[in-house]
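Worksheet: the structure to be examined is printed underneath.
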Amino acid sequence: MPELPEVETVRRGLQPVMEGAVVEKLVLNRPDLRFPFPENLNDRLQGQKIVSLGRRAKYLLIEFEDGASLISHLGMSGSYRIEPDLRVSAQEQAEDGFHYPRSKNPTHDHVVFHVQSPVYGSRQVIYNDPRRFGFLLLCGTGELAEHPSLKDLGIEPTGNSLSGPVLAELFKGKKVPLKAALLDQRLIAGLGNIYVCEALWRTGLSPLRAAGDVAQDPQLAEALATSVREVIAEAIVAGGSSLRDHRQADGTLGYFQHSFAVYDREGEPCRRCGAPVQRIVQNGRSTFFCAACSS
DNA sequence: AGAATTACCTGGCAGC
DNA sequence: TGCTGCCAGGTAATTC
């Protein structure tokens with residue numbers, strides 16, 4: 001599920017119940033995910049108010065009033081959902097505007113935040129992750145920027161910071177294929193396999209082309225930077241659209257509503273030229289592109 | 001140093 | 001219907 005747009009969708013879904021809420025209790029149903037949970041996590045967070053829910057690249061940042069932060073990464077299969085507390089009546093549940101998806105598999109409900117929201121009252125925010133590639137790290141006051149998971153991250157592909165000249169500078173002299181360069185979180189942070197394929201297709205660039213090539217052509221660099229920004233922005237809007245009617249934490253719905261130009265469309269006609277979409281493997285991962293109209 | 005490969009897990013699906 | 005093999009959007013560790 002989670003590339004940047006999905007994490008942003010999750011952030012927006014959780015924000016209403018979590019921001020300003022107090023952590024009543026944190027329940028860990030196992031000792032670890034990808035990494036061991038921080039020690040005494042419940043003791044550290046119990047009674048603390050969540051002051052904001054942020055995001056950096058694909059990381060969800062839960063910031064507390066004492067300045068500490070939880071860094072949450074969803075890995076490949078992580079998701080959050082909101083559930084009503086037992087004390088919340090069916091009537092209130094029906095009227096609070098939230099959508100409460102059932103747990104697809106309760107055995108993978110690894111973390112439960114019991115929160116008391118000033119607006120919605122008691123709710124459970126539940127982290128589910130079948131593959132357990134996700135992780136939860138605790139970061140002390142003021143250490144977020146220097147945290148090992150965050151300090152080497154490149155620029156966000158949101159807003160206007162990713163311009164043609166900026167992209168050209170990042171890719172200058174790089175011999176690696178565009179696919180690898182765009183996936184490199186130290187250059188641009190937040191792109192994953194899907195949106196890299198989509199942005200390259202949109203620009204008419206082959207994923208096999210050397211990144212340094214694009215750096216030497218200001219127009220190409222501008223076009224690629226624009227495509228990346230557009231693809232990400234549109235995906236966030238699509239994720240958000242599933243939140244319009246029922247605010248929900250799980251970004252899955254928005255994600256699957258997306259119709260991709262090339263991703264997972266091997267053999268199907270290119271939406272630009274009609275030639276069959278190709279699938280190749282780069283660095284052990286699938287790349288989808290149109291060999292006929294990308295170069 | 002930088003690039004490529006492997007490891008970490010479970011679930012779903014195609015093919016037999 | 002079960003079994004096997006393969007594939008999956010992530011980062012980190014290891015090897016080259």
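Letters A, B, ... are given to chains in the order of the sequence lines, protein chains preceding strands, and every chain is numbered from 1.
Side-chain proximity of A:E3 to B:dT5, C:dT11, C:dG10: nearest is C:dG10. Across B:dG11, C:dT11, B:dA4, the shortest atom-to-atom separation from the side chain of A:H73 is found for C:dT11. Which of B:dT5, C:dG10, C:dA8 sits closest to the side chain of A:F133 comes down to C:dG10. The side chain of A:P130 lies closest to B:dG11 when the candidates are C:dG10, C:dC7, B:dG11. Checking B:dA4, B:dC9, C:dA12 against every side-chain atom of A:Y59, the shortest atom distance belongs to C:dA12. Checked against B:dA3, B:dC8, B:dT10, the side chain of A:R131 finds its nearest nucleotide in B:dT10. In the set C:dA8, C:dA12, B:dG11, C:dA12 carries the atom at the smallest distance from any side-chain atom of A:F135.
Other residues, nucleotides and ligands contribute at most 12 non-hydrogen atoms within 6.0 Å of the CZ atom of A:R44. By the 6.0 Å contact criterion, CG on A:D43 is enclosed, its count of non-hydrogen atoms from other residues, nucleotides or ligands being greater than 12.
As a whole-Å value, the separation of A:I71 CD1 from C:dG10 P is 19 Å. For A:N105 and B:dG11, the CG to P distance is 6 Å, given to the nearest whole Å. Atom C1' of nucleotide C:dT11 and atom CG of A:L191 are separated by 15 Å, given to the nearest angstrom. Between the CE atom of A:M76 and the C1' atom of C:dC6 there is a distance of 13 Å, given to the nearest Å. Nucleotide B:dA1 holds its C1' atom 13 Å from the NZ atom of A:K175, rounded to whole Å. If you take CG of A:L183 and P of B:dA3, they are 13 Å apart, rounded to a whole angstrom. One atom, CG of A:L178, and another, P of B:dA3, lie 13 Å apart when rounded to the nearest Å. Look at CG on A:D264: it is 11 Å from P on B:dA14, rounded to the nearest Å.
For C:dA8, its base never sits under 3.5 Å from the side chain of A:R285 at any donor and acceptor pair. Residue A:R132 places no side-chain atom within donor-acceptor reach of the base of B:dT10, judged by atom type and a 3.5 Å distance cut-off alone.
C:dT4: Watson-Crick or G-U partner is B:dA14, with both key distances under 3.5 Å.
Nucleic acid contact class of A:G284 (heavy atoms, under 4.0 Å, all strands): none. At the heavy-atom level, A:K58 lies under 4.0 Å from the strands shown only through sugar-phosphate atoms. Across all strands, A:D129 comes closer than 4.0 Å to no nucleic acid atom at all (heavy-atom distances).
Take the nearest nucleotide of DNA chain B for A:T107 and for A:D184: the residue whose nucleotide is more 5' is A:D184. Of the two residues near DNA chain B, A:R34 and A:H108, the one whose nearest nucleotide lies more 5' is A:R34.
Proximity of A:S286 to the phosphate of C:dA8: a side-chain N or O atom is located under 4.0 Å from OP1 or OP2.
If you take atom P in C:dT11 and the same atom in B:dA1, they sit 23 Å apart, rounded to whole Å. C:dT14 and B:dC9 have their P atoms separated by 14 Å, given to the nearest Å.
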From CA spacing to verdict: side chain to side chain donor-acceptor pair (under 3.5 Å), A:S117, A:R123
CA-CA 7 Å; A:S117 155; A:R123 291 292 185 279; over 6 Å; no
Salt bridge (Lys or Arg N to Asp or Glu O under 4.0 Å) between A:R202 and A:E198, intermediate numbers included:
CA-CA 6 Å; A:R202 192 175 287 216; A:E198 295 296 311; over 6 Å; no
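Taken together through direct or relayed side-chain contacts under 4.5 Å among Ile, Leu, Val, Met, Phe, Trp and Tyr, A:L60 and A:L28 form part of one hydrophobic cluster.
A perpendicular orientation is assigned to the rings of A:F260 and A:Y195, their planes being inclined by more than 60° (bins at 30° and 60°).
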